[in-house]
Amino acid sequence: MRLAPLLLVAGLSVPAVGATALPNEPVAAVDLARYAGTWYEQAHLPMFFQRKCLADTTAHYSPNADGTLEVVNRCRTRDGSFSEARGVARMVDGRSSTLEVRFAPQWLSWLPMVWGDYWVIALDEAEYRWAMVGAPGRDYLWILSRDPQLDPEVRARLIEQARAMGYPVEKLIDTPQVSQEAAEAR
């Protein structure tokens, strides 16, 4: 008879399937100077603008004098060539972990629709070796690493964290990092 109350209590401590157990919010702060440099994409949610990217996807961030970051995204396409997109990232409300990114020409920067949300939702705060980027609507998600291959345990932990935050991780697309040329291109 004592087993039934224990099972009830145990059942109440497990979140319901599909329930969000963690808030979807950015980390407290990001040192943008330390965040600068090259990041290797490990996985991402399907995005229209990444439809041609098959492998060797990287993001390179460089600080600008005005406090923004220059963004250069690069990936290998089906024919083996590289595709590159250049943009700029800016802080929102003075928060270094809540950014907006624009790849449209600068003369269009006054239009709100050309800016996309870029929230750093997880970060290796000690060494800046990995990061996870999301958005308020949970429609963007990238897992990034300073190395072409992220430790599988760290990757699994990040995916579980994203799941608990309500991201549709079952839709994640793995990003192969196979080309030495991609690493040397930086």
message: How long is the straight-line distance from CZ of R34 back to CG of L123, given to the nearest 0.5 Å?
response: 8.0 Å

For residues 92-99, which side-chain N or O atoms pair as donor and acceptor with protein atoms under 3.5 Å away, sequence neighbours left out?
unit_1	atom_1	unit_2	atom_2	d
S96	OG	V30	N	2.8
S96	OG	V30	O	2.9
S97	OG	V27	O	2.6

query: Listed by chain and number, what are the side-chain hydrogen bond (donor to acceptor under 3.5 Å, both in side chains) partners of E41, not counting sequence neighbours?
result: H44, Q50, T175

message: Is it the case that over 12 heavy atoms from other parts of the model lie below 6.0 angstrom from the CD atom of E153?
response: no

task: Not counting sequence neighbours, which residues clear side-chain hydrogen bond (donor to acceptor under 3.5 Å, both in side chains) with D31? List them please.
output: none

field: Partner set under side chain to side chain contact (heavy atoms under 4.5 Å, CB included) for Q161, not counting sequence neighbours
entry: L22, A122, M132, L158, M165

field: Any side-chain donor near an acceptor of the partner, N24 and Y167, under 3.5 Å
entry: yes

query: For residues 61-73, which residue pairs qualify under salt bridge (charged side-chain N to carboxylate O under 4.0 Å, His left out), counting only residues two or more places apart or in two chains?
result: E70-R86

message: D139: which residues meet the salt bridge (charged side-chain N to carboxylate O under 4.0 Å, His left out) condition with it, sequence neighbours left out?
response: none

- prompt: What pairs with Y118 under side-chain hydrogen bond (donor to acceptor under 3.5 Å, both in side chains), at least two apart in sequence or on another chain?
  reply: Y35, Y61

query: Donor-acceptor pair, Q42 side chain versus Y40 backbone, under 3.5 Å?
result: yes

Partners meeting side chain to side chain contact (heavy atoms under 4.5 Å, CB included) with L54 (sequence neighbours left out): R78

field: Of all pairs that satisfy disulfide bond (SG atoms under 2.5 Å apart), the ones with a partner from residues 133-165, not counting sequence neighbours
entry: none

query: Is R146 close enough and on-axis enough to W130, meaning under 6.0 Å and within 45°, for cation-pi?
result: no

- prompt: Partners of T77 by side-chain hydrogen bond (donor to acceptor under 3.5 Å, both in side chains), sequence neighbours excluded?
  reply: D79, S81

task: For W119 and P26, work out which heavy atoms get closest and say how close.
output: CE3-CD, 3.5 Å

- line: CD1 of I143 to CD1 of I121, rounded to nearest 0.5 Å, is 8.5 Å

message: To the closest 0.5 Å, what do you measure between NZ (K171) and CG (L45)?
response: 8.0 Å

- prompt: Which salt bridge (charged side-chain N to carboxylate O under 4.0 Å, His left out) pairs, counting each pair once, include a residue from residues 119-136, with sequence neighbours left out?
  reply: R129-D147

salt_bridge(E160, R163) N-O dist < 4.0 Å: yes

query: Could you give the distance from CD (E100) to CZ (R90), rounded to the nearest 0.5 Å?
result: 4.5 Å

